[in-house]
Colleague: 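My structure is below; once you've seen it, I'll send some questions.
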Amino acid sequence: MPVLNLASVPKRYFGYLALLLWAALTLFLMRQSPYMLDEGGAKALLLDWSIGDQVASSVVTFGAPDLRALLWLPLGFLWPGQIFPAKVIEVLLLAATAAGFFLWRRREGTEEEALLATGLLLIAPISLQQLDMLSPGVGLLGAFIAGAWLDHAYRQSPGRLGGLFFMQLIVCAFSVSLHPAGLAYPASLLWSWYSNPMNRLQQRVFLVSVTITTLVTLIAILGWHDLGPWQNPVTSAAAMIWGPNLLEEGTPSAGDWIVGAFMLSLVLAVCIHQRRLLWRDFAGRSLLLGTLLGAFLCDASWSFLGLALLLYGGLPWLLKPRSALAGRGFMAQRGWVWILLFLLSTVDMRADQAWYMQVRDAVLPEQDQLIKTFADNLNGTRKALEEKNLPMPKIRVASQWPARTMIACRCDTLPLPPAAKDPQAQLALLKGISHLILVPNDNKNLGLVQNLAYLGADIVTESLQPGGAILRVKVPAVAAPKSDH
């Protein structure tokens with residue numbers, strides 16, 4: 001019987017096996033419940049489900065989704081109503097992205113840098129969080145490495161303005177639709193053709209096409225409304241190490257401030273010291289620009305990009321041979337680095353374990369706990385009425401997070417109505433709405449909440465929690481107020 005000689009097996013197959021095992025283990029850590037989702041990802045999924053089932057849905061009133069709706073469109077036909085297949089796609093996308101960055105870093109540097117950076121990225125808790133929440137970070141990183149490959153392949157291909165050209169425009173629109181950091185890809189592509197054109201005609205075509213594609217995408221999405229407000233960069237930087245803290249949302253600990261300040265300092269140091277090394281390469285330039293542009297929000301996706309910048313841009317700096325350490329033994333030259341990486345890996349694995357425990361115990365942040373309360377109450381009412389053979393009253397919710405609320409409660413959902421000029425006009429805008437879910441002290445809701453407060457008995461508070469309030473409209477339909485003229 002022939003014996004398999006492992007030495008004869010190409011190393012890339014061991015890499016594929018490692019990615020396969022990582023993907024399988026990661027999927028076991030994914031949340032099965034319809035909570036902890038990114039609002040933009042939830043909106044894209046709902047639109048795909050509506051198209052796949054050919055059912056009219058109020059999701060069209062939520063605004064234009066990002067282009068992950070194209071990525072997940074087959075799921076709407078194959079598994080409508082199922083969230084987990086989208087997480088499978090995200091895991092596979094991150095695996096392909098990690099493989100792409102590994103090949104890039106190995107080509108531009110050494111295999112040691114590539115292996116360490118890719119391994120730490122895959123086990124980082126912020127990576128697990130991005131996958132589980134369907135956040136834009138994975139798509140952004142995938143667009144950056146796909147764009148670098150497409151640019152290289154286009155310049156090497158004999159044909160011009162063919163499929164590779166239009167694929168670059170599609171990736172450009174995809175990247176821009178996800179996040180402000182996605183503007184890094186068209187910026188990097190424009191710089192590539194401005195500084196290194198193949199010929200004058202193609203230079204003009206690329207500069208005009210990429211600019212028009214970017215502007216059209218920005219006009220179509222009308223801003224990144226689903227991403228939330230600007231966040232504290234120090235606490236967001238701390239998430240690069242141990243991920244988001246669900247149990248103490250909004251109240252960062254002293255450890256968060258210390259670790260966050262240290263990580264933010266490292267990001268700034270890499271941006272400054274490695275700027276020339278990163279700028280000269282397409283993938284490095286996109287990663288650098290994405291981290292800088294993502295600072296306009298400093299959200300979890302920015303934390304994910306910042307971690308990738310530290311790993312793929314900072315590790316080569318850290319592992320660079322230094323003449324002062326030459327001849328002083330392994331521990332002096334490499335041992336301390338491996339000890340540091342062992343400590344980082346231990347912290348990451350402990351944080352991953354904590355995330356798994358929170359998933360197992362159904363720990364949710366405040367906003368999702370509010371949505372869950374409404375969904376549980378609605379499901380309880382449905383069950384009770386079904387047992388009595390009574391019809392279910394019409395439920396239509398106006399929510400501050402309409403996509404996430406619709407997925408959780410499986411009911412008609414609309415965005416919050418705008419603030420009217422007076423309480424009675426506000427009540428007219430609530431025609432057909434049975435419930436409201438919102439954060440009362442949010443600045444953009446102050447006018448609406450003020451009008452609701454004056455309506456008195458017409459609006460009943462069903463639940464008031466740290467994450468917001470659930471309100472019931474007792475008189476959902478009234479006559480519109482008469483005009484003054």
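For reference, positions follow the sequence shown, starting with 1. Atom set for the values below is all heavy atoms of this structure, side chains included, hydrogens, waters and symmetry mates excluded.
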Colleague: In a check of side-chain contact (heavy atoms from CB on, under 4.5 Å) between V176 and each of V216, L67, L183, which one passes?
Modeller: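 By the side-chain contact (heavy atoms from CB on, under 4.5 Å) criterion, V176 pairs with just one of V216, L67, L183: L183.
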Colleague: For D368, give me all partners under salt bridge (charged side-chain N to carboxylate O under 4.0 Å, His left out), at least two apart in sequence or on another chain.
Modeller: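 Checked D368 against salt bridge (charged side-chain N to carboxylate O under 4.0 Å, His left out); matches are R404.
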Colleague: Answer yes or no: is there a donor N or O on one side and an acceptor on the other, between the side chain of R285 and the main chain of W279, under 3.5 Å?
Modeller: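 Answer holds: yes.
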Colleague: Within the side chain of E39, is there an N or O that forms a donor-acceptor pair under 3.5 Å with the backbone of A403?
Modeller: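 Yes, E39 side chain to A403 backbone: donor-acceptor pair under 3.5 Å.
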Colleague: For the backbone of I123 and the side chain of S127, can you confirm whether one donor and one acceptor N or O come within less than 3.5 Å of each other?
Modeller: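 Side chain of S127 to backbone of I123: no pair is present.
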Colleague: Report yes or no: does T235 contribute a side-chain atom to a donor-acceptor pair with the main-chain N or O of N232 at less than 3.5 Å?
Modeller: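 Between the backbone of N232 and the side chain of T235 there is a qualifying donor-acceptor contact (under 3.5 Å).
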Colleague: Donor-acceptor pair, S236 side chain versus C298 backbone, under 3.5 Å?
Modeller: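 Side chain of S236 to backbone of C298, a donor-acceptor pair under 3.5 Å: yes, one is there.
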Colleague: If you round to the nearest 0.5 Å, how far is CD of Q32 from CG of D132?
Modeller: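 D132 CG to Q32 CD: 9.0 Å, rounded to 0.5 Å.
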Colleague: Does either side chain, that of Q129 or that of S135, offer a donor lying less than 3.5 Å from an acceptor on the other one?
Modeller: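 No donor-acceptor contact under 3.5 Å links the two side chains.
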Colleague: State, yes or no, whether a side-chain contact exists between L75 and D48 at a heavy-atom distance under 4.5 Å.
Modeller: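 In short, these two side chains do not touch, never coming nearer than 4.5 Å.
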Colleague: Is the side chain of S192 donor-acceptor paired with the backbone N or O of S188 at a distance under 3.5 Å, no angle test?
Modeller: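 No: the side chain of S192 does not pair with the backbone of S188.
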Colleague: Kindly indicate, with the supporting measurements, whether the criterion side chain to side chain contact (heavy atoms under 4.5 Å, CB included) is fulfilled by R31 and Y356.
Modeller: CA-CA 9 Å; R31 194 182 299 267; Y356 171 74; over 6 Å; no
Colleague: Could you grab the distance from atom CG of L27 to atom CG of L92, nearest 0.5 Å is fine?
Modeller: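 Separation between the atoms: 7.5 Å.
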Colleague: side-chain contact (heavy atoms from CB on, under 4.5 Å) with M30: which of V88, L128, I83?
Modeller: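 Of the listed options, the one satisfying the test is L128.
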Colleague: After noting the C-alpha distance and the side-chain angles of N445 and Q400, does the key distance pass the side chain to side chain contact (heavy atoms under 4.5 Å, CB included) rule?
Modeller: CA-CA 9 Å; N445 296 334; Q400 189 167 341; 2.8 Å; yes
Colleague: How would you list, by chain and number, every residue that makes a disulfide (SG to SG under 2.5 Å) with C409, sequence neighbours excluded?
Modeller: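 C409 satisfies disulfide (SG to SG under 2.5 Å) with C411 once adjacent residues are dropped.
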Colleague: Checking R68 now: which residues fulfil salt bridge (charged side-chain N to carboxylate O under 4.0 Å, His left out) with it, not counting sequence neighbours?
Modeller: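 Here the qualifying residues are D38, D66.
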Colleague: Which heavy atom of I126 sits nearest to which heavy atom of M240, and what is that distance?
Modeller: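 Smallest heavy-atom distance, with atoms named: CG2-O, 4.4 Å.
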Colleague: Between L293 and A184, which heavy-atom pair has the shortest distance, and what is it?
Modeller: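 Closest heavy-atom pair between L293 and A184: CD1-N, 3.6 Å.
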Colleague: Under a 3.5 Å threshold, yes or no: a donor from one side chain and an acceptor from the other, between T110 and E112?
Modeller: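 No, no side-chain donor-acceptor contact under 3.5 Å.
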Colleague: Between atom CZ of F102 and atom CG of L116, what is the distance when rounded to the nearest 0.5 Å?
Modeller: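 Separation between the atoms: 10.5 Å.
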Colleague: What side-chain donor-acceptor pairs closer than 3.5 Å can you find for residues 257-275, not counting sequence neighbours?
Modeller:
unit_1: S265; atom_1: OG; unit_2: A261; atom_2: O; d: 2.8
unit_1: Q274; atom_1: NE2; unit_2: G313; atom_2: O; d: 2.9
unit_1: R275; atom_1: NH1; unit_2: I272; atom_2: O; d: 2.3

Colleague: Heavy atoms only: give me the nearest G139-L178 pair and the separation to one decimal.
Modeller: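 Closest heavy-atom pair between G139 and L178: C-CD1, 3.7 Å.
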Colleague: Are the side chain of K43 and the backbone of F62 linked by a donor-acceptor contact shorter than 3.5 Å?
Modeller: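 Yes: the side chain of K43 pairs with the backbone of F62.
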Colleague: If the plane angle is over 60° it's perpendicular, under 30° parallel, otherwise tilted; pick one for W191 and Y194.
Modeller: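 Plane angle between 30° and 60°, so tilted.
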Colleague: Could you tell me the separation between the CG atom of D348 and the CD atom of Q353, rounded to the nearest 0.5 Å?
Modeller: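 If we round to the nearest 0.5 Å, D348:CG and Q353:CD are 13.0 Å apart.
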Colleague: Look at the side chain of T26 and the backbone N and O of W22, then say whether any donor-acceptor pair between them is shorter than 3.5 Å.
Modeller: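 Yes, because the side chain of T26 sits within donor-acceptor range (under 3.5 Å) of the backbone of W22.
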Colleague: Tell me, with the steps shown, if Y312 and E113 meet side chain to side chain contact (heavy atoms under 4.5 Å, CB included).
Modeller: CA-CA 8 Å; Y312 290 103; E113 301 165 3; over 6 Å; no
Colleague: Say you draw a straight line from CG of L120 to CG of L315; how long is it, rounded to the nearest 0.5 Å?
Modeller: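 It is 6.5 Å, given to the nearest 0.5 Å.
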Colleague: Given 3.5 Å as the limit, does a donor-acceptor pair link the side chain of S209 with the main chain of F206, or not?
Modeller: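 Not confirmed, S209 side chain does not pair with F206 backbone.
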Colleague: Let me check something: any side-chain donor-acceptor pairs from residues 142-152 under 3.5 Å, sequence neighbours excluded? List them with distances.
Modeller:
unit_1: D151; atom_1: OD1; unit_2: R155; atom_2: NE; d: 3.3
unit_1: D151; atom_1: OD2; unit_2: R155; atom_2: NE; d: 3.4

Colleague: If I compare all heavy atoms of A181 with all of L305, which pair ends up nearest, and what's the gap?
Modeller: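 Nearest pair, atom of A181 first, then L305: CB-CD1, 3.6 Å.
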Colleague: Give the minimum heavy-atom separation between P80 and L78, together with the two atoms involved.
Modeller: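 Shortest heavy-atom separation between P80 and L78 comes out as CD-C, 3.5 Å.
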Colleague: Which atom names give the shortest non-hydrogen contact between A351 and P125, and what distance separates them?
Modeller: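 What the structure gives for the nearest pair is CB-CG, 3.6 Å.
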Colleague: What residues, two or more places apart in sequence or in another chain, satisfy salt bridge (charged side-chain N to carboxylate O under 4.0 Å, His left out) together with D299?
Modeller: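 Testing D299 for salt bridge (charged side-chain N to carboxylate O under 4.0 Å, His left out), a comparison that skips the adjacent residues, returns none.
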Colleague: Any chance you could measure L122, atom CG, to L25, atom CG, to the nearest 0.5 Å?
Modeller: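 Nearest 0.5 Å value for the CG-CG distance: 11.5 Å.
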Colleague: Taking the six-membered ring for Trp, are Y154 and F165 parallel (under 30°), tilted (30 to 60°) or perpendicular (over 60°)?
Modeller: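 Aromatic pair Y154/F165 classed tilted.
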Colleague: Show your working on side chain to side chain contact (heavy atoms under 4.5 Å, CB included) between D412 and V397 and close with a plain yes or no.
Modeller: CA-CA 6 Å; D412 289 337; V397 189; over 6 Å; no
Colleague: Taking the side chain as every heavy atom from C-beta outward, state whether L278 and L287 have any pair of such atoms under 4.5 Å apart.
Modeller: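 Sidechains of L287 and L278: no contact.
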